[in-house]
Number of protein chains: 6
Amino acid sequence: MKISARNQLKGKIVEVAKGATTAHVRIDIGGAIVTASITNEAVDELKLKVGAEAYAVIKASDVMVAVS
Amino acid sequence: MKISARNQLKGKIVEVAKGATTAHVRIDIGGAIVTASITNEAVDELKLKVGAEAYAVIKASDVMVAVS
Amino acid sequence: MKISARNQLKGKIVEVAKGATTAHVRIDIGGAIVTASITNEAVDELKLKVGAEAYAVIKASDVMVAVS
Amino acid sequence: MKISARNQLKGKIVEVAKGATTAHVRIDIGGAIVTASITNEAVDELKLKVGAEAYAVIKASDVMVAVS
Amino acid sequence: MKISARNQLKGKIVEVAKGATTAHVRIDIGGAIVTASITNEAVDELKLKVGAEAYAVIKASDVMVAVS
Amino acid sequence: MKISARNQLKGKIVEVAKGATTAHVRIDIGGAIVTASITNEAVDELKLKVGAEAYAVIKASDVMVAVS
């Protein structure tokens, strides 16, 4: 499947923390850590686990820009 | 200002392309390119330009995870 | 690629309308029409055109519920 | 109330699962199932329950397009 | 129609600016101005114009919190 | 840090309710209450508590418009 989302950042899963219905998955993208908040269901279905290769996928309209 | 967004990825702006009302800004995050779709107005207000240091800011609930 | 997004609705593209930087793509999902607002760039890259099979992909946290 | 969201898909609720603060509601849209992640509070306020008619409401900028 | 979105802020439209496909609508919510980026199509359909009463509708999962 | 998000509404926190992994924070914006759904982690990191001054930050593309 190819998706329209402009951001598909390849990395390695470094943490999977499940809550009641929502899980937080952290992916190391060449040093930067990206946190995703997804359903527990998706974690199970994609068999996400620490050490596995994964992509952080983000629609361009969901990215903001900040300057210091 | 400190913000709740879990993802604040530091990088360098590599492209600023304005449309009619919406602009696309690309930030190089240690090799990975992140594309943000923001208003032209924000580009002007933050004086975003190629070469400047900037952060891609993304709420965790807007990040999906994919596996190949 | 398998993605965590809970909603991956299969259908057929019935309209592709490009703007300055943003395009609107309409997909017929078994009778219901779903409108996606994506970048022109994504339209080109995925070679989206009327009549082609496509999926509307939506993260569960982006879906609201309404009652009349 | 009429809302700007381009996608207002009519269907029937087939599941309501509450978590600690977040609930998952599934709506059958003419055969396709759409999952919404909303607050428990909204579930109570709208009296959402299995079998009731409901709309899945999605802003066009939150819809991605994928091809296989 | 009643919607699950936690934020339905009542105000008055103070600006409607159309772009190629996307419009920016500004609503005065008791002094604070809220900017919405919606489709031109929605502007036409809802007959949005300066001076009219309107609601800014925002899902709770799309709101971030910042402190200075 | 200055951010591109068009909506940065100043107010006072009136409620902080933590769930398993997700918290709901309510901010009083000159009378209107805005609800944010953010991670528990962000609540701790920003030391959010009732009575504190805070901003509700919302990207323009996440705001819809409704009329009655």
Side-chain angles (χ1 to χ4, degrees), chain C, chain D:
Chain C
M1 187 184 264
K2 284 173 61 184
I3 194 161
S4 61
R6 290 301 78 198
N7 300 298
Q8 308 185 16
L9 308 168
K10 194 176 180 171
K12 191 165 282 204
I13 297 175
V14 292
E15 191 186 344
V16 176
K18 284 187 174 182
T21 56
T22 307
H24 293 167
V25 177
R26 286 192 170 77
I27 304 177
D28 182 332
I29 307 291
I33 303 296
V34 175
T35 301
S37 174
I38 64 175
T39 58
N40 287 344
E41 201 183 80
V43 169
D44 295 340
E45 204 176 292
L46 270 62
K47 299 183 176 56
L48 301 179
K49 57 186 69 161
V50 172
E53 192 181 279
Y55 295 80
V57 178
I58 310 150
K59 203 172 184 305
S61 56
D62 287 329
V63 182
M64 288 160 287
V65 179
V67 292
S68 45
Chain D
M1 185 183 265
K2 285 173 59 185
I3 193 161
S4 61
R6 291 301 79 199
N7 300 296
Q8 308 186 15
L9 309 168
K10 194 178 182 173
K12 193 164 281 205
I13 298 176
V14 292
E15 191 185 343
V16 177
K18 284 187 175 180
T21 56
T22 307
H24 292 166
V25 177
R26 286 192 170 77
I27 303 177
D28 183 330
I29 308 291
I33 303 296
V34 174
T35 302
S37 173
I38 64 176
T39 58
N40 287 344
E41 203 183 77
V43 169
D44 295 340
E45 204 176 293
L46 270 62
K47 299 183 177 54
L48 302 179
K49 56 188 67 163
V50 172
E53 192 181 279
Y55 295 80
V57 178
I58 310 150
K59 202 172 186 303
S61 56
D62 287 329
V63 182
M64 290 160 286
V65 179
V67 292
S68 45

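The figures here come from the full heavy-atom set of this structure, side chains too, leaving out hydrogens, waters and symmetry mates. Numbers restart at 1 for each chain; the letters A, B, ... are given by sequence-line order, proteins then strands. This is a predicted model, so every value here is computed, not measured.
Counting all heavy atoms, side chain and backbone alike, V67(D) lies closest to E53(C) at CG1-O, 3.9 Å.
Counting heavy atoms from C-beta outward, I29(C) and I29(D) have side chains that stay 4.5 Å or more apart.
Put simply, of A60(D), A36(D), G11(D), the one with the most heavy-atom pairs under 4.5 Å next to chain C is A60(D). Of the listed residues G31(D), A52(D), A56(D), G30(D), the one with more heavy-atom pairs under 4.5 angstrom with chain C than any other is A56(D).
Heavy atoms of I58(D) lying under 4.5 Å from chain C belong to its backbone as well as its side chain. Neither the backbone nor the side chain of I3(C) comes within contact range of chain D; no heavy atom of the residue lies under 4.5 Å from a heavy atom of that chain. Contacts between D62(C) and chain D at a heavy-atom distance below 4.5 Å involve backbone atoms as well as side-chain atoms.
Note that CE of M64(D) is 12.0 Å distant from OG1 of T39(C), once rounded to the nearest 0.5 Å. A distance of 10.0 Å separates CG in L9(C) from CG in N7(D), rounded to the nearest 0.5 Å.
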Please assess V65(C) against L48(D) for the test side chain to side chain contact (heavy atoms under 4.5 Å, CB included), listing each intermediate value before the final yes or no. CA-CA 9 Å; V65(C) 179; L48(D) 302 179; 3.8 Å; yes
